[in-house]
Amino acid sequence: MLEIRNIHKTFGGNQVLKGVNIKVEKGDVVVILGPSGSGKTTLLRCINFLERADEGSLDFDEIHTELKNASRRTVNKIRKKTAFVFQNYNLFQNKTALQNVMEGLTVARKVPREEAEVIAKEALDKVGLADRYGYYPSQLSGGQQQRVGIARAVAVRPEVILFDEPTSALDPELIGEVLCVMKELAREGVTMVVVTHEMSFAHDVANRVVFMEGGVVVEEGTPRQIFQSPREERTSQFLHRINRDYDYSI
Amino acid sequence: MRPFHPLFILEIIPELVTYLPVTLGMVLGTVLFGGMWGFFLALAKVRRRPVTKALAEIYTYVTRCVPSVVMLFVVFYGLPELLLSVGINMNGVDNGFFVIVTFSILYAANISEVFRSAYLAIDKGQREAAVSVGLTEAQAFLRIVLPQSIVVAIPNFTNSLINLMKEGALAYTIGLIDIVGQGNRIIGRYQGSYTLEVYLALAALYWIMTIMIQKFFGAVEKKLSRGKKELTTAA
Ligand SMILES: Nc1ncnc2c1ncn2[C@@H]1O[C@H](COP(=O)(O)OP(=O)(O)OP(=O)(O)O)[C@@H](O)[C@H]1O
Ligand SMILES: [Mg+2]
């Protein structure tokens, strides 16, 4: 369904992505792990052109394009097939929860207002915010804001949702509610690419885990392969480090 | 010299007020033309086109270093010369025109900074979120960024407006008859006997206008601040 080949990206003199390949099939839950600065965010941002890659190509269903010189139209097409959930939510501050979710429907997809409202309410109900339609982002908790962010992504029925550390800006007691919503989406068969440090989510929900370091994919496989018998030394070191930090934090 | 005559202040205010449209027209014209010009300057400053960006910054820097009264005379004497060289005769053109041109040149520089900082005050993540759900860049700007930037800009815009109005009092130096110009004519009519009274009357008028502008935009800001922290309007 979605395949990215040989993606390169340099910021100034800093080579952040050095030839990454990623393939996502319909219904996949791909979790991307990796230490800070390994290029995970940059990779996701290049997929929907929030960042322009220097090299590489993208195939998305019938669309084939070079990332570097994709036309404005192609970019918009791909953006309509994808949705993004941001680390710090990025809700529209001047709009209510309901309006946040409706925006992509009424404005980008020209869905009639009444119909869009029904879809948006459904999406908010699904993330457990049926009683918060009229609230502005500033009146919601972090966990609630992120759930609006997820509803906003789900409502446009994208073929794949890209999550960039959706829980890492949240207080520990709010992480659960967001992960719960994501698990539910996975169960429904929504295709997702998730960057996260939540090992339990990777372990329980992913059908594929990709480990990145230094701008390359070091290793990928099923959660079982990666967590129980990693082939690469760097992968097991990373997992040890994460687990140790995790133990300390308890 | 005559004694101070406070009642004279009240007596001449109605006469001064009849020239208020000139003062306000000058401010409005400047906000309109200077505002549009300032918008383009701000656009050039936030875009990543190095040449236009540099030009806009140089323009802002240079015009900000020129006192308004100097600019007023430069335009008043310079613009007709300039236009004459391309065959346009400016004889008989209203002084108000030169005033609006002068203050638009200066105001654009100030207001472009107001626009620029208001634009930058809105986290770029919201723009990214908008395009990520399929909005075009233009839609993201018009529907998400601009409405919030306007709210952010209101206090600085209000200040720029008040400053402009006060600077505008210099327009009489090239012969514009606004409230200050008329005040000077009244002073002349009484051979300078009521100078202090006239200026006090003008001060009172400027004071009232400033308060009205502040109150008005304060109310507008409050009305537009949907979703801001201090408001709890949700159902
Ligand atoms: N817009 C940018 N300009 C310059 N450098 C950038 C930019 N965005 C990212 N980088 C650099 O690219 C590198 C990779 O960043 P990226 O955010 O992709 O890492 P990450 O794997 O998501 O890390 P984290 O786990 O901390 O979120 C970092 O060294 C970062 O400083
Ligand atoms: Mg990141």
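What's counted below: heavy atoms across the whole structure, side chains too, no hydrogens, waters or symmetry copies. Quick caveat: nothing in here was measured; it's all calculated off a predicted structure.
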Original post:
Taking everything shown except F11(A) itself, do over 12 heavy atoms lie less than 6.0 Å from its CZ?
Top reply: yes
Subject >> Minimal non-hydrogen separation, N76(A) against G134(B), with atom names >> reply: ND2-O, 3.3 Å
**OP:** Work out which heavy atom in V131(B) is nearest to a heavy atom in R79(A); give both atom names and the distance.
**Re:** O-CD, 3.3 Å
Original post:
What part of R45(A) lies closer than 4.5 angstrom to a heavy atom of chain B: side chain, backbone, both or neither?
Top reply: side chain
Original post:
In terms of heavy-atom proximity below 4.5 Å to chain B, should L91(A) be classed as side chain, backbone, both, or neither?
Top reply: backbone
Original post:
What part of R127(B) is in contact with chain A, defined as an atom under 4.5 angstrom from a non-hydrogen atom: side chain, backbone, both or neither?
Top reply: neither
Original post:
Is it true that atom CZ of R52(A) has more than 12 heavy atoms of other residues, nucleotides or ligands lying nearer than 6.0 Å?
Top reply: yes
Original post:
Around atom NZ of K183(A), are there more than 12 heavy atoms of other residues, nucleotides or ligands at under 6.0 Å?
Top reply: yes
Original post:
Checking heavy atoms, do the side chain of R152(A), its backbone, both or neither come under 4.5 Å from chain B?
Top reply: both
**OP:** Can you see which heavy atom on L135(B) is nearest to which on A108(A), and at what distance?
**Re:** N-CB, 3.8 Å
Original post:
When rounded to the nearest 0.5 angstrom, what is the spacing between CD in E137(B) and CZ in R72(A)?
Top reply: 7.0 Å
**OP:** Mark yes when over 12 heavy atoms from residues, nucleotides or ligands other than R64(B) sit less than 6.0 Å from its CZ; otherwise mark no.
**Re:** yes
**OP:** Return yes when atom CZ of R109(A) has more than 12 non-hydrogen atoms of other residues, nucleotides or ligands closer than 6.0 Å, and no otherwise.
**Re:** yes
Original post:
Would you find more than 12 non-hydrogen atoms of other residues, nucleotides or ligands less than 6.0 Å from K110(A) atom NZ?
Top reply: yes
**OP:** Please indicate whether K23(A) has more than 12 foreign heavy atoms, meaning atoms of other residues, nucleotides or ligands, lying under 6.0 Å from its NZ.
**Re:** no
Subject >> Distance, nearest 0.5 Å, that separates CD1 of I144(B) from CD of E103(A) >> reply: 4.5 Å
Original post:
What closest approach, in Å, do S132(B) and N48(A) show between heavy atoms, and which atom pair accounts for it?
Top reply: CB-ND2, 3.7 Å
**OP:** Give the minimum heavy-atom separation between N94(A) and P147(B), together with the two atoms involved.
**Re:** ND2-CB, 3.7 Å
Subject >> Separation of F86(A) CZ from Q126(B) CD (nearest 0.5 Å) >> reply: 10.5 Å
Subject >> Heavy-atom contact with chain B under 4.5 Å, split by part of F92(A) >> reply: both
Original post:
In terms of heavy-atom pairs under 4.5 Å with chain B, which of I78(A), L50(A), V107(A) leads?
Top reply: V107(A)
